[in-house]
Peer 1: 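Submitted below is the structure of interest, expressed as structure tokens.
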Amino acid sequence: MLFNSFIFLYFLFGFYFLYWFVTNRNLKVQNVLILIASYIFYGWWDWRFLTLILFSTLVDYAVGLKMLNADKKSYRKLLLWISLSVNLGLLGFFKYFNFFIESFNELTLSLGFNASLHTLQIILPVGISFYTFQTLSYSFDVYKKKLTPTKNFINFAAFVSFFPQLVAGPIERASNLLPQIQQKRKFSYTLSMQGFYQIAWGLFKKVVIADNCAPLVNEIFASDYSMMSGSLLLVGAILFAFQIYGDFSGYSDIAIGVSKLFGFQLMTNFKFPYFSRNIGEFWRKWHISLSTWFRDYLYIPLGGSKVNKWLSIRNVFVIFLVSGFWHGANWTFLVWGAFHALLFLPSFFMGNNKKYHLKDVNLTSIKETTINGLLILRTFLLVTIGWIFFRADNISQAFIYIKNIFSTTLLKLPMLRGDKNTDLILTVLFISILLMVEWKNRNNEFVFENLLYKSIWKQFSVIGFIVLLMYYFTGTAQDFIYFQF
């Protein structure tokens, strides 16, 4: 079920009515309703995979209860390994089995013989990477005794399958979401209005920004690069940077907004990452729920930066390579991760990877404005080069694309065939609106926080403007990019 579909709108209104007007006086019934709605939402895509998420839920629920009464650390560690083996085993089979088979076949061919191992017709369950990491965080936190395991299966199952963020995040921690499920929720007009604003802005990012960028990006990346100017290839990469941002952060905004309608506060997943001044700052603002997950459950257990220089370098590469591989079963994602690790190392060793905060941007002088502007532009362009590996079908294609960007035609006016140039100009205009709004609101948790304190006419004017843009300039409907992860 897609957020940008009428069926989801009907589903949301029906659930909202039952949630606040029928079951609001009984927390247990309300949580059962959340669980039913979440399974309907997920099963709408393919009901057969409900058994997969139910199995994962049962395993980690049982592991949590066993840990509650386990005194021996060795037994607790065994239980943790059971959780890891089951969850990562399922993820590995569905997402990476064919990748490893194909890679092994290619390796044997390069060595002069053919293993000819057969791949399987495996359907990748939507959102498996997200809910697997979400339920694993519960097992980790219970093992470390940072969280008391719940004895209520309905509450735990609702936490694992909570439909707004089930398919593409944010990857919630049990320490944040589970207590909210366990306590009675009261209707809040302010929180609901925040939710409506965030949903509207998320839909704008998706249907106006991402879905208008997508056809242009697809055309450029599917073309013969040698026949295109370097400037047009650069434009294609930049458009993809905004496509993936509008698509993914738009989904997160809608998920967070929908959650607020029902009295839940999810973690912020994006904090205007394209205004970052180095890669360290970028990763503190992009897909925050994933980057902090890897930090807490992989990077810090490996020793983080509190080990010697070479182990620190190893840890940096491990975290970025695993992050890349999490995104997909393709060597391009590993190269993307390695590329970001290399970009991160200079600021890591200089100690300024945690230096910058968006609130600290100083625009009081021409000098500071210029310096900050150049740093932001540099970081954005480096990130955009990395996105080429993310978008390309293979590593060779990515390198050819980058090579042709830096040709003698880099400064040539980028031109597409036919009426596509009009679409390009409109898309650039939409991106400009996005950047201006987000820059003005860069110090807030979400874009329209200040709007809550304005007159009702100003509030409706802004929402009306967004709705008009979506009505007149909706791009060709595209699946959310992160559904494939």
Peer 1: Taking the side chain as C-beta and beyond, is there a heavy-atom pair between P164 and Y251 under 4.5 Å?
Peer 2: no
Peer 1: Start with the C-alpha gap between V235 and V428, add the side-chain angles, then the distance that decides, and say whether side chain to side chain contact (heavy atoms under 4.5 Å, CB included) holds.
Peer 2: CA-CA 10 Å; V235 167; V428 172; over 6 Å; no
Peer 1: Is the closest side-chain heavy-atom distance between I209 and K206 below 4.5 Å?
Peer 2: no
Peer 1: Side chain to side chain contact (heavy atoms under 4.5 Å, CB included), that's the test. Do K205 and S249 meet it? Break it down for me.
Peer 2: CA-CA 8 Å; K205 287 181 179 179; S249 72; 3.2 Å; yes
Peer 1: Side chains of T379 and N278: do they bring a donor and an acceptor to under 3.5 Å?
Peer 2: no
Peer 1: Apply side chain to side chain contact (heavy atoms under 4.5 Å, CB included) to residues L91 and S129 and explain how you reach the verdict.
Peer 2: CA-CA 7 Å; L91 179 62; S129 297; 3.6 Å; yes
Peer 1: Do any N or O atoms from the side chain of R277 and from the backbone of N372 form a donor-acceptor pair under 3.5 angstrom?
Peer 2: no
Peer 1: Tell me whether the count of non-hydrogen atoms from other residues, nucleotides or ligands lying under 6.0 Å of CZ in F399 goes above 12.
Peer 2: no
Peer 1: Does some side-chain heavy atom of Y19 sit less than 4.5 Å from a side-chain heavy atom of L261?
Peer 2: no
Peer 1: Look at the aromatic rings of W326 and F130 and report parallel, tilted or perpendicular, splitting at 30° and 60°.
Peer 2: perpendicular
Peer 1: Compute the ring centroids of F333 and F389, then answer whether they are less than 6.0 Å apart.
Peer 2: no
Peer 1: By the salt bridge (charged side-chain N to carboxylate O under 4.0 Å, His left out) test, which pairs, at least two apart or in different chains, include something from residues 286-302?
Peer 2: R173-D296
Peer 1: Which word best sums up how the rings of F3 and F8 line up, parallel for under 30°, tilted for 30 to 60°, or perpendicular for over 60°?
Peer 2: tilted
Peer 1: Find out whether D423 and N212 are in side-chain contact, i.e. whether some heavy atom of one side chain is under 4.5 Å from a heavy atom of the other.
Peer 2: no
Peer 1: Hey, are the side chains of Y96 and F325 touching, using non-hydrogen atoms and a 4.5 Å cut-off?
Peer 2: yes
Peer 1: Answer yes or no on whether R391 is positioned over the face of F221, meaning its NZ or CZ is under 6.0 Å from the six-membered ring centre and within 45° of the axis.
Peer 2: yes
Peer 1: Assert yes or no for the condition that the ring centre distance of F294 to F133 is strictly below 6.0 Å.
Peer 2: yes
Peer 1: What orientation do F380 and F242 show, parallel under 30°, tilted 30 to 60°, or perpendicular over 60°?
Peer 2: tilted
Peer 1: Using a distance-only test with no angle check, is there a side-chain donor-acceptor pair under 3.5 angstrom linking N87 and Y131?
Peer 2: no
Peer 1: Short question: side chain of N269, backbone of I288 - any donor-acceptor pair under 3.5 Å?
Peer 2: yes
Peer 1: Counting distance only, does the side-chain N/O of T409 pair as donor-acceptor with the main-chain N or O of S229 below 3.5 Å?
Peer 2: no
Peer 1: Within the 4.5 Å heavy-atom criterion, are F240 and I244 side-chain neighbours or not?
Peer 2: yes
Peer 1: Is there a side-chain contact between F317 and L342 (heavy atoms, below 4.5 Å)?
Peer 2: yes
Peer 1: Does one side chain, of T190 or S188, offer a donor that lies under 3.5 Å from an acceptor on the other?
Peer 2: no
Peer 1: Measure from the ring center of F163 to the ring center of F15 and say whether it is less than 6.0 Å.
Peer 2: yes
Peer 1: Above 12 or not: heavy atoms from other molecules or residues under 6.0 Å from CH2 of W44?
Peer 2: no
Peer 1: Evaluate the ring planes of Y225 and Y401, with Trp represented by its six-membered ring, and classify them as parallel (under 30°), tilted (30 to 60°) or perpendicular (over 60°).
Peer 2: perpendicular
Peer 1: Ignoring hydrogens and geometry, is there a side-chain-to-backbone donor-acceptor pair from Q134 to E172 under 3.5 Å?
Peer 2: yes
Peer 1: Before you tell me yes or no, could you show the steps for C213 and I431 under side chain to side chain contact (heavy atoms under 4.5 Å, CB included), namely the whole-Å CA-CA distance, both residues' side-chain angles and the distance that decides it to 0.1 Å?
Peer 2: CA-CA 9 Å; C213 286; I431 291 172; 4.0 Å; yes
Peer 1: Who passes ring-ring contact (aromatic ring centres under 6.0 Å, His included) against F248, sequence neighbours left out?
Peer 2: F270, H287, Y482
Peer 1: Using the six-membered ring wherever Trp is involved, compare the ring planes of F390 and W387 and label them parallel, tilted or perpendicular (cut-offs 30° and 60°).
Peer 2: perpendicular
Peer 1: Does anything in residues 336-346 pair up under side chain to side chain donor-acceptor pair (under 3.5 Å), and if so which pairs, sequence neighbours excluded?
Peer 2: W283-H340, W336-H340
